Amino acid sequence: MIVRASYTEIVDPDMKILNINARYPGARNDAYIWSVSPIRRVMEHWYNQGERKIYLIGDAGYPLEPWLMTPLPHYSQWSRQYHYNQKLSKARSIVERLFGIIKGTWRCLSYERILMYAPDISGQIVNACTVLHNMRVHYRLPLEIEENIIVDNANADRANDIDEEDQDVILRRGPRAIAQHVQKQIMRDWFPNYQCAWNNENNAEI
């Protein structure tokens, strides 16, 4: 069997992988994998217990949730929304660098390659590469990165759209209205000197 591995990762600022989910083949996109992830349930639990200081950051392929901040569409530079996107993009650059390192070191995981194993074996290979990477980080071994791998991964992200079936699952499980309120509050706290573009729109989202 030939399988393209699909996996989601949670990474800290030092590029240490805190969590990885490699259970699903490439036909499943990140949004679906996240919607059934145990980590999502943990984040939801702590949010419901009153935790308001911890957020994860995802790309546009993920749903906006109170504990998961995602980018907004393009806005003018004078707006809070623009600077919010800039800050998220800077934070997410760590993830892009990590993908460049992982896929540049273990070429079997690169976007062009296909793991010729059953899904469970492919997942074990991804997990093994993750452990080896974290050992490199722990022992401060050099981490080489290839820029073309980052570009290829960014292109793969753009192809990772949420289909209608997965979107239905996500919307049923995610309180989007609360998430938008949290997102707006974050922008107000981070960028008080900039205007909110939504205040100037007749069809404001919030």
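Nothing here was measured: the structure is a model prediction, and the numbers come from that model.
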Treat each ILVMFWY residue as a node, draw an edge where side-chain heavy atoms are under 4.5 Å apart, and state whether Met69 and Ile54 are in one component.
yes
Residues, nucleotides or ligands: over 12 heavy atoms within 6.0 Å of Tyr194 OH:
no
First locate atom OG1 of Thr8, then atom CG of Asp30, and finally report the distance between them rounded to the nearest 0.5 Å.
6.0 Å
Shortest non-hydrogen contact from Ile125 to Cys108?
CG2-SG, 4.2 Å
side-chain contact (heavy atoms from CB on, under 4.5 Å) filter on Gln185, not counting sequence neighbours, yields Arg188, Asp189
Could you name each residue pair satisfying ring-ring contact (aromatic ring centres under 6.0 Å, His included) that touches residues 36-58, not counting sequence neighbours?
Tyr47-Trp67
I'd like to know if the side chain of Ser89 and the backbone of Gln86 have a donor-acceptor N/O pair within less than 3.5 Å.
no
Cys196 to Gln81 - nearest heavy-atom pair and separation:
SG-NE2, 3.3 Å
Apply side-chain hydrogen bond (donor to acceptor under 3.5 Å, both in side chains) to Thr105 and list each qualifying residue two or more places apart in sequence or on a separate chain.
Arg136
Going hydrophobic residue to hydrophobic residue with side-chain gaps under 4.5 angstrom, can you get from Trp34 over to Ile178?
yes
Smallest separation among heavy atoms of Ile57 and Ala91, with atom names:
CD1-CB, 3.6 Å
About how many Å separate CD1 of Ile186 and NZ of Lys87, when rounded to the nearest 0.5 Å?
11.0 Å
Less than 4.0 angstrom from a charged side-chain N to a carboxylate O is my criterion; do Arg40 and Glu65 meet it?
yes
Tell me the closest heavy-atom pair linking Gly58 and Leu68, and the distance in Å.
N-CD1, 3.7 Å
Quick check with a 6.0 Å cut-off and a 45 degree axis cone: is Lys184 positioned over the face of Trp198's six-membered ring?
no
Rounded to the nearest 0.5 Å, what separates atom CG in Leu143 from atom CG in Asp14?
10.5 Å
Would you say Ser37's side chain and Ile33's backbone share a donor-acceptor pair under 3.5 angstrom?
no
Tell me whether His83 contacts the main-chain N or O of Phe191 through its side chain, where contact means a donor paired with an acceptor under 3.5 Å.
no
Please enumerate all residues that pass side-chain hydrogen bond (donor to acceptor under 3.5 Å, both in side chains) together with Asp120, with sequence neighbours excluded.
none
Arg97 side, atom CZ; Ile94 side, atom CD1 - distance, nearest 0.5 Å:
7.5 Å
cation_pi(Lys103, Phe99) dist<6.0 Å, angle<=45
yes
Quick one: pull up CG in Asn127 and CG in Leu132 and give me the separation to the nearest 0.5 Å.
11.0 Å
Tell me every residue that passes side-chain contact (heavy atoms from CB on, under 4.5 Å) with Ile10, counting only those two or more places apart in sequence or in another chain.
Leu18, Asn19, Ile39, Leu56
Where the side chain of Asp59 meets the backbone of Gly61, is there a donor-acceptor pair that is under 3.5 Å apart?
yes
Just jot down the side-chain hydrogen bond (donor to acceptor under 3.5 Å, both in side chains) partners of Glu51, sequence neighbours excluded, or say none.
none
Which heavy atom in Arg41 sits nearest to a heavy atom in Val36, and how many Å separate them?
NH1-O, 3.6 Å
Has the side chain of Ser76 got a donor or acceptor atom that lies under 3.5 Å from a matching backbone atom of Ser79?
no
Looking at Ile17, is its backbone amide N or carbonyl O close enough to the side chain of Asn134 to form a donor-acceptor pair, meaning the two atoms are under 3.5 Å apart?
yes
Are Val11 and Leu141 linked, directly or through intermediate hydrophobic residues, by side-chain heavy-atom contacts shorter than 4.5 Å (ILVMFWY only)?
no
Taking Ile101 as the starting point, is it possible to reach Tyr139 by hopping between hydrophobic residues whose side chains are less than 4.5 Å apart?
no
Shortest non-hydrogen contact from Val137 to Met15?
CG2-O, 3.8 Å
Asn85 and Tyr82: CA distance, side-chain angles, deciding distance, side-chain contact (heavy atoms from CB on, under 4.5 Å) verdict:
CA-CA 5 Å; Asn85 278 345; Tyr82 172 85; 5.9 Å; no
State which residue, out of Ile121, Leu109, Ile102, fulfils the side-chain contact (heavy atoms from CB on, under 4.5 Å) condition with Val126.
Leu109
Take Gln183 and Tyr84 through the side-chain contact (heavy atoms from CB on, under 4.5 Å) test and state the conclusion after the steps.
CA-CA 9 Å; Gln183 188 181 49; Tyr84 164 88; 2.9 Å; yes
